[in-house]
Amino acid sequence: ARPGGVGSAMGGGASAHGQQVGKFTKFLILGDLAAPPKKRPGKFLYGTFVAIDVGETGRKDVAGIFDEDITVRVGVVRGACEAPGHNAIEYSIQVDDTETISVRKRFLGPLFLPELMEKGIQISPVNRDVAVEVEWQGGAKFLAEVLKREKGLYEVRFKGGKREVLAGVKLDLMYPVDDTTRKDDSPETLAPDPLWLLDRKVQADIDVKWRIERRIREALELLRSQMRPPDAPPLRGPFVGGRKFDSEGYPAHPEPPKELQVDRAFVDTWGKYAGKIKFATTFKIGPAYPGMSAWVEQVDAGEPLYVHAALPVYAGLICLGMFKLPGERGIGQPEWVRASDVALVGLAIYINGVLVRGQFSSPRLEKDGLAVFGHESCHYIPGCVSTYMVDAGWIGGTFCLAPTETDFEVRDDIYTIQAYHQALSSWAKRPNRPDEVDVQINLVLSTNYLANLRQVCAGSVKVRLSDQGLAIAGERLQHVQRIRVESPQALNPKRPRKNLSELLREDVVEQRLPAAPEEGLSPTVAVAVAPQMVGDVLGADVVGEGGLASTLRSKVEKKVSAAVAAVPPPPSEPIGRRQARPPATPMIPGTPTPGSTFHDGASPPLGTASRPIRGPDAEFRHLLENPVPPSMAGSASTPNAPGGRSAAAFGAGGFGGRVPRPPPRPRAA
C-alpha cells in the first residue's frame, strides 16, 4: 500500500501510523479495535487478526463480517502490497508459525465471530483467545486460540504445553478465559482423568439410575414388539467418518481402531454375505464354501437346516443406538462396541412374525459382574434363543437349526436346535395347523450392559409341516439331546467354535423348582453341596413341578447333612481379586421348558414385513450439528404409531433412546 493511504485505512475509531519497508507498509496499532466495526474497513492494520474466506465466496455484511455458514480461517496481517487490477490490494497473512499466504482484500474481513461473542467470548481483531473444555481431562478448561471455523465446528491450538491442534471443537465446549483456565498446560501434557477412562454408562451410574432388571424387561419387550423384515434392504454404510450416517440414519464411527479397517481383503471375503442371512441344508456355507448352490428358500420340517448370518461390517463399526438414562431429555449419545466391551450376538427366531422366546426370557445375571466388569452385566440377550459372546472384530458365522444325520458337532447350537424343534411342534398342535410356516431370523447385536441393542440383518425360509417331517424332527431332537450332545465329536469339534453363553446346572434347577425344600434349605444350596445328586434330580423321576419337589425332599433330606459338612469355607480374598468362572457345558433340560415357544395372543407383533419398524425421529437432526441425511427426512413419529415400539418400551427414557429403522420394502416388479 502507498504510504499516503495510511490515514484513510483507519476505521472504527482506531488510529495508526505507517512505516514503509520496501514495497510494504507496517501498520502499528494505536487505538482500540475490540468493538465490532460499523462500516466496512478500508485497510487492515499490521498485526491484527483477520478472517479469511476460504471458499472465496465474498459474502459479507455491511461491516465486512462473514456469515456464520462461511468457512473462515484466522490469520495475522504481516504486510500488504499492490496487486494486478484496479485498486487491488493483496495482503500477506500468517496462518501458522511456518505458513504465510497471500489473500486479496475482498476475501478478508475483520475477526468478529458473533456466535462466540453471544457467549461472552471477546473475539476481535486484537484477540482470538478462548477457553476450551476437554472431556477426557475431567472437564478442565485450557487456553487456546481459534484457527478455523467450518460447518459450526472450530479448530483451535492450545497456547501452553505442547501447543497441539484440536479440530472439531463444538461451540458448547468454548468459554471465556477466566481464572480457572489452565494457561501453561495443554491436554496432552497431562495424564487423562481416571473417571474418563471408565465407560460413559458407568460414569452415568447406570446400575442405580437404570437397573439391569429393567433393561432386561425392556429388551425383551423390544424384540417381542418389533421384527426386522426379512425382505428389507441390507444395512449399508458409510460406517466410518465424522458427521456421516449409515443407510438407516445412524452415525458412522468417527475414529475406529486400525484393526477394524475395511480393506480389499475384507470385501473379497465377505462381500457376497455382508448384511445377509441365508439358509442351507448343509453346514458347508459361508466364505469357507463360496458356492451358492446349497442355499435354499423352502424346506420340510424333517430336513436339516443351517443358517449363515453376517454383519455388513465389523461389529465395532455398527452403531448400537443412542444411549441415555430414563428421564433424560434429548436423543442421547451414539454407542458402539468398544475394545473393552463384551459384545453379544443373538439369534432371534420368529414364526409367522411371532417371537420364539426360548429359555432366556428372564436370564440370570453374572454373579461377579461388578468385580469383573465394573458394572452389573448379563451375557444373554432376552428373547434370543441363543446368545454368543464376541468382540468388536466379529463379522459372521454359521448356525444350526436342525443338524444332518452325520453332524454331531451340536454343542454350540444346542439351544437354537431345541427352540426351533419345539416351535415347529407347537405350531403343529394348533387347531388350524398351517401347511407351512415362515421361519424368520434376526441377528441382534448388543453388549453385556444391555443398554442398547440393534436388529442388524434378517432372513426367512419356508418350512413345510408335513406329518412325516414332524415325526423325523421329533426323533432328531431326542437323538441330539440324548446322544449327540455328549458324543466325542461334539466334545472335540473340527469346525470353528462359537463362544456360547451357556446355562449352568444350578440355573436349570432354579428355573424348575416351584419352591424351596422344607427346613429353610434353598434349592441352590442343595445342588451346590450335593452335585452328585443333580443327575438323579433331573432324571426319569421328574414328572412335573410337584414331582421335582417331592424328589428333592426325599433325596436331599437324607444326604444334605453330610454334604454340608464337607463344603469348604468361602474364599478369603477380596471380591475384586476373584477370577471369572469359565462357562460350563450346555445344560439340556429333560423336558420342554414351560412357556418356551410363543407368547400368548393370536395377533403377530408390530414390525412385520408389511408394517416395518420405524426409524429415528426428528430430534436426530441435531446430532453432531450436522445437516440431516436424505434417508432421515420426514421420519418424525409418535410413540404409539403403528409399526413402532410398544408403550412400555417408550416409557421415560425409552430403551436405548433409539430404534434402528429398516428401509421400506422393495417395490414389486
Side-chain angles (χ1 to χ4, degrees), residues 34-37 49-55 57 59-61 63-75 95 109-160 163-183 186-188 193 196 200 241-245 251-252 254-255 322-324 328-334 618-629 632:
F49 298 113
V50 292
I52 306 171
D53 183 359
V54 176
T57 63
R59 290 166 49 194
K60 306 178 184 180
D61 61 11
I65 301 176
F66 295 110
D67 297 338
E68 293 186 13
D69 60 338
I70 299 296
T71 300
V72 298
R73 193 175 182 183
V74 180
V95 295
L111 180 59
F112 286 101
L113 303 178
E115 68 276 12
L116 293 181
M117 299 187 70
E118 290 178 359
K119 296 189 63 176
I121 305 175
Q122 298 299 323
I123 297 295
S124 69
V126 294
N127 179 63
R128 60 171 172 174
D129 292 347
V130 296
V132 178
E133 179 183 348
V134 179
E135 180 185 6
W136 55 276
Q137 286 293 350
K141 301 180 181 66
F142 296 83
L143 180 63
E145 54 186 5
V146 179
L147 300 180
K148 189 177 182 180
R149 181 190 68 188
E150 182 178 9
K151 296 181 179 180
L153 301 177
Y154 299 83
E155 181 179 298
V156 300
R157 178 172 53 219
F158 297 103
K159 302 186 72 173
R163 302 186 74 245
E164 64 268 20
V165 175
L166 180 63
V169 180
K170 297 182 180 180
L171 180 62
D172 297 340
L173 301 177
M174 304 176 73
Y175 301 88
V177 179
D178 55 21
D179 295 338
T180 63
T181 305
R182 305 182 70 105
K183 301 178 180 179
S186 66
E188 291 190 3
D193 184 81
W196 181 84
R200 70 179 64 182
R243 299 184 296 279
K244 294 183 179 180
F245 300 83
E255 296 181 1
M322 311 300 290
F323 169 72
K324 66 175 181 179
E328 285 188 348
R329 307 185 67 176
I331 62 173
Q333 297 176 320
E619 287 183 322
F620 195 80
R621 302 178 178 219
H622 302 291
L623 180 66
L624 301 178
E625 302 179 3
N626 189 63
V628 181
M632 296 171 53

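Just so you know, these numbers come straight off a predicted model, no measurement behind them.
By the salt bridge (charged side-chain N to carboxylate O under 4.0 Å, His left out) test, Glu68 pairs with no residue at all, sequence neighbours left out. For Asp53, the salt bridge (charged side-chain N to carboxylate O under 4.0 Å, His left out) criterion is met by no residue, not counting sequence neighbours. For Glu150, the side-chain contact (heavy atoms from CB on, under 4.5 Å) test picks out Thr71, Lys148, with sequence neighbours left out. Annotation: side-chain contact (heavy atoms from CB on, under 4.5 Å) contacts of Asp178 (sequence neighbours excluded): Thr180, Thr181. Listed by chain and residue number, Glu133, Val169 satisfy the side-chain contact (heavy atoms from CB on, under 4.5 Å) test with Leu173 (two or more places apart in sequence, or in another chain). By the side-chain contact (heavy atoms from CB on, under 4.5 Å) test, Val165 is found to be paired with Leu147, Glu155, Arg157, residues two or more places apart in sequence or in another chain being considered.
In this structure, Asn127 contributes its side chain and Gln122 its backbone to a donor-acceptor pair below 3.5 Å. A distance-only check finds no donor-acceptor pair linking the side chain of Lys141 to the backbone of Tyr175 [under 3.5 Å]. The closest donor-acceptor contact from the side chain of Arg128 to the backbone of Val50 lies at 3.5 Å or more, if one exists at all. Not one N or O on the side chain of Lys159 forms a donor-acceptor pair closer than 3.5 Å with the backbone of Asp129.
Between Gly332 and Lys324 the shortest heavy-atom distance is CA-CB, 3.9 Å.
Residues Val74 and Glu145 fail the side-chain proximity criterion, which asks for heavy atoms closer than 4.5 Å.
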